[in-house]
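One structure is given below, encoded as structure tokens.
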Amino acid sequence: MKKSVLFALLSVWMAVSLLLIGLGDPAQAQQSTTIYFTNFNTGYSDWTASGDVASISSPAIQPNSVRLKKVGTITRTISTLGYTGISVTWNMAASALEDPDHCYVEVNAGSGWTAIASLGNGQDNSTFFSGTVGLSAAADQNPSFQVRYRDAGDALGDYCYAEDLTVSGTPGSAPTNTPTPTSTPTGPTPTPIPGSTVPGDPLTGSGNVSRTLLTYNDLMSGASTAPVDDGAFTLPADAAMPTHTFEGRLELLNEATNGGFTEIRDDYAYTGNGDSPRKHLPEFSFQFVQNGSHLIPVNQGLSYTGHAYWNYIVGPGRIWKENSDNGYSRVSFPFALIQRNSNCTQNGVMTFLFNGSSVSNVRYQITQETCVYFKFNMWGQLSATYTSETIPNAAALKSDHATEVANRLPTKPIADLATDFPASGVDVSAFGSSVTPAHMTNYGVVINGTNYVSGCGTRYGQYAYCRSMRVPSYSTAKSAFASIALMRLGQLYGANVYNLLIKDYVPEYSSSVGTWTTVSFNHTIDMTTGNYRLAGYESDEAGSYMETFFLAEPYTDKITAAFNFPNKKLPGQLWIYHSSDTFIVTRAMNNYYVAQGGGDIFNMVRDQVYAPMNLSAGTLTTLRTDNSPTGVPFGGYGLFWTQDDIAKVALLLNNQNGVINGSQVLHPDMLADAMQDDATDRGINTTGTTVFKYNNAFWAKEMTPSEFPQYSCTFWIPFMSGYGGITVAMMPNGATYYYFSDNEEYSWYNAVHEANKLIPMCP
């Protein structure tokens, strides 16, 4: 499609979007009062900046504007308490944009960021555009309303310019057909620390919730005989602010003996008709803090329980008031059971009532998983205790959670692709269609900086915390952890880290039955060490020797099993898929980094890559040896994503060229190798019925007109892949398609063809 046509479509989309958003009466807008105004003439000190941001004199609506470079943002929280009929008047310019770069003006009224204006290729001649947009009632009477200017570029020369901005509203009246909110919430307010207000607070519902499941009586004196619809655990639309503050420890009682269990699939005969520890929760004792209506676990990452079979991940939840709860506040939060020493993830949710000093019974259920070989429903209702405790780092926990939520990518239902790209003819049903619905956890399309997401189905309705649902990485960790670690080391110490030798950094190689004296880091992350038993496609990976590696918990056993392959070729000649190779190279990188004065290799990636990207706290831990937080990271699997996490990782690799907040964090040439941007280094052929390339722990598929006649050019799609049915495909048009499933279905070409309708792959 020609750029001029794209420009016309963008202009039409923008005009239609403004009409759809601005549903208010124009006459009312003319009577409105200015709530906030800035011309940026004296800078942007009252805005929160991220990335490369600067005050400049040209272009500008005199004398100054604010320039955003590549992925820069500026954000402002503006209270609209006392005002309704909120509108935003914006001014913005752009320069040097290419497809799919965009400049955005966005608002957040509590449900995530929504674009109200955008500029793209063809609107980038440094001319200022302007518009006024009337917003929905969610922006009314909102003390946490936010406005943001954002540059969604993919090169250092992509510029957006923020200028005069006005937020207006009509004083004194309330929205029609909605409860009148109180200007002061009746419960605990968000902690007044800079950056700590969580979008969506305070709740403004009346508390008049019609509830038939998990009622006050159910939780106080009832029993659990089966799972219920997951919607019963969800924050309802009419929820009011809670009247109590939860800060302390929740401990469940009698986990090992109570609860129900129904097996759905058990390939390894883990359980029989009798009772088993696998059929019950491990001991649950976790600390929480509260920020407004948000309940935040002190430990959101992987928690090693010591249980024979299960560990936990506990996610942030909500606390609110329902008038039928007899003065109690209602709490719910997501959690996941993580199979010990494995990436299998079983998703659940808990809820209870709380009055400031005591709790009701706690209802829990698990009705969804991403796990090929072990599927079940688990449910129960347990007595519990609450112990009030002062959490020393409570303020930091609240602030970090608020920052992460505020920095999530804008999300829309995947069906909105059809309306946001009205002339594309996209068939949104094609996304996710290649996976059996009962085995799909979730999927999404990331394009133009927006994450178009599916729901999160369970066997009992939609999951109550879809945006916080945990999915396992499996081998996507080879790309998104091990390979990123190597690129980060390359950026810190030079690309020669490719050529470092395993023997110099993993002393256990000396007991190997193979030959490792000339095997480099690059050979090992490419899985071309020359040490293997069977040359068939993933034959070693499915063999008994690899089973020994996977089952080993102690580091000594795992590293011994990893090296237990004889030598058959010189390094660099033949690709043999070995998760054990990634474990070896991860250990080698760890020991190299320590020798440079650093520490744990996962913590390096966590602190220098993941945290600056504002990934969720539950992603900042990994599976380790010895079932211990002090063990050695697996490298080849063992992370846990949300939809926002994996979308941000894909953007870093596919759109942002390894740059975070204006800093190059990944070595650009090494990244180019992995992303098929270097035609001289495509990687090595894999075996199997379809020939893919494998380079730096990334797969790649060459799309040719002879195989796919709908394309007029040849292009490459690098992708991450994970056991059971996980794909993250990063396309040259800037789009990413991802899905997480567990029926061993690996089919995603149809999604590529539909993404091509949104932005063509071929110029």
Side-chain angles (χ1 to χ4, degrees), residues 340-343 473-479 481-483 485-486 489 497 500-594 600-602 605 622-628 630-639 684 694 696-697 722-723:
R340 178 169 171 158
N341 200 39
S342 171
N343 227 167
S473 64
Y474 282 109
S475 290
T476 66
K478 292 179 172 70
S479 316
F481 166 27
S483 186
L486 188 59
L489 290 177
V497 295
L500 297 173
L501 297 179
I502 294 296
K503 74 178 183 65
D504 294 331
Y505 294 97
V506 189
E508 292 88 350
Y509 90 94
S510 60
S511 61
S512 171
V513 298
T515 301
W516 289 84
T517 53
T518 60
V519 177
S520 68
F521 285 20
N522 194 35
H523 292 138
T524 313
I525 204 163
D526 282 347
M527 300 186 185
T528 61
T529 69
N531 299 302
Y532 62 94
R533 294 181 182 275
L534 300 173
Y537 181 71
E538 298 201 11
S539 296
D540 267 0
E541 187 80 354
S544 60
Y545 289 96
M546 193 61 74
E547 183 177 355
T548 301
F549 167 79
F550 285 127
L551 293 178
E553 271 196 9
Y555 169 74
T556 53
D557 294 348
K558 207 169 193 70
I559 197 68
T560 298
F563 277 117
N564 194 20
F565 292 93
N567 179 257
K568 296 193 175 185
K569 284 188 179 292
L570 292 174
Q573 293 186 337
L574 181 67
W575 177 87
I576 301 292
Y577 193 84
H578 279 173
S579 290
S580 53
D581 286 352
T582 313
F583 181 67
I584 291 170
V585 74
T586 301
R587 185 58 177 162
M589 290 189 289
N590 185 92
N591 292 345
Y592 170 75
Y593 186 53
V594 169
D600 181 88
I601 192 68
F602 177 80
V605 173
T622 184
L623 288 173
R624 294 176 179 269
T625 61
D626 304 285
N627 194 49
S628 166
T630 60
V632 171
F634 286 2
Y637 56 105
L639 303 184
I684 193 162
Y694 196 81
N696 287 6
Y723 168 71

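This one's a predicted model, so the numbers in the text were calculated from it and none came from an experiment. FYI, side chains are in, hydrogens and waters are out, and symmetry mates aren't considered; it's all heavy atoms of this structure.
Within the 4.5 Å cutoff, the side chain of V506 has heavy atoms near those of the F563 side chain. Y505 places a side-chain heavy atom less than 4.5 Å from the side chain of F521. The shortest side-chain heavy-atom distance between M527 and T582 falls under the 4.5 Å cut-off. For the pair P571 and T528, the minimum side-chain heavy-atom distance is 4.5 Å or more. By the 4.5 Å heavy-atom criterion applied to side chains, I601 and L489 are counted as neighbours. Side-chain contact check for N564 versus T548: every heavy-atom pair is 4.5 Å or farther apart.
Taking OH of Y723 as the reference point, atom OH of Y474 lies at 6.0 Å (rounded to 0.5 Å). For the atom pair CE of M546 and CD of E538, the computed distance is 10.0 Å after rounding to the nearest 0.5 Å. Here N696 contributes atom CG and N522 contributes atom CG; the two are 5.5 Å apart, rounded to the nearest 0.5 Å. In this structure, OG in S342 is found 9.5 Å from CZ in F550, a value given to the nearest 0.5 Å. Atom CG of D557 is separated from atom CG of L551 by 11.0 Å, given to the nearest 0.5 angstrom. Y509 contributes atom OH, which lies 13.0 Å from atom CD1 of I584 (distance to the nearest 0.5 angstrom).
Using a 30° and 60° split on the angle between ring planes, Y694 and W575 fall in the tilted class, from 30° to 60°.
Separation of the F583 and F549 ring centroids falls under the 6.0 Å cut-off.
Listed here is the closest heavy atom pair of K568 and R533: NZ-O, 2.7 Å. Residues N531 and V519 come closest through the heavy atom pair ND2-CG2, 4.4 Å. Nearest heavy-atom pair across D581 and T524 is O-CG2, 3.2 Å. Among all heavy-atom pairs drawn from L534 and I576, the shortest one is O-CD1, 3.9 Å. Taking every heavy atom of both residues into account, S475 and Y637 meet most closely at N-CB, 4.5 Å. When all heavy atoms are compared, the tightest approach of Y555 to T625 is CB-OG1, 3.7 Å.
Ion pairing between a basic and an acidic side chain is recognised when a charged N comes within 4.0 Å of a carboxylate O; D600 and R624 show such pairing.
Proximity of a side-chain donor or acceptor of S483 to a complementary backbone N or O of A697 within less than 3.5 Å is not detected. Judged by distance alone, with hydrogens and angles left aside, the side-chain atoms of S539 form no donor-acceptor pair with the main-chain N or O of A535 at under 3.5 Å. Side-chain atoms of S473 come within 3.5 Å of backbone atoms of L639 as a donor-acceptor pair (strictly under, hydrogens ignored). Between the N343 side chain and the G638 main chain, a donor and an acceptor come within less than 3.5 Å of each other. Under a 3.5 Å cut-off, the side chain of N627 and the backbone N or O of E553 do not form any donor-acceptor pair. Counting only distance, with no hydrogens or angles, the side chain of D540 and the backbone of Y532 share no donor-acceptor pair below 3.5 Å.
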| request: Evaluate the criterion salt bridge (Lys or Arg N to Asp or Glu O under 4.0 Å) for residue pair R587 and E508; output intermediate values, then yes/no. | output: CA-CA 11 Å; R587 185 58 177 162; E508 292 88 350; 5.6 Å; no

Before you tell me yes or no, could you show the steps for F602 and F481 under ring-ring contact (aromatic ring centres under 6.0 Å, His included), namely the whole-Å CA-CA distance, both residues' side-chain angles and the distance that decides it to 0.1 Å? CA-CA 8 Å; F602 177 80; F481 166 27; 5.2 Å; yes

Would you check, one step at a time, whether the test side chain to side chain donor-acceptor pair (under 3.5 Å) holds for K478 with S579?
-> CA-CA 8 Å; K478 292 179 172 70; S579 290; 2.8 Å; yes

Using the rule given for side chain to side chain contact (heavy atoms under 4.5 Å, CB included), can you reason through L623 versus N341, listing the C-alpha separation, both sets of side-chain angles and the distance that settles it, and then say yes or no?
CA-CA 7 Å; L623 288 173; N341 200 39; over 6 Å; no

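F634 carries K558 over the face of its six-membered ring, with the cationic atom under 6.0 Å from the centre and within 45° of the normal.
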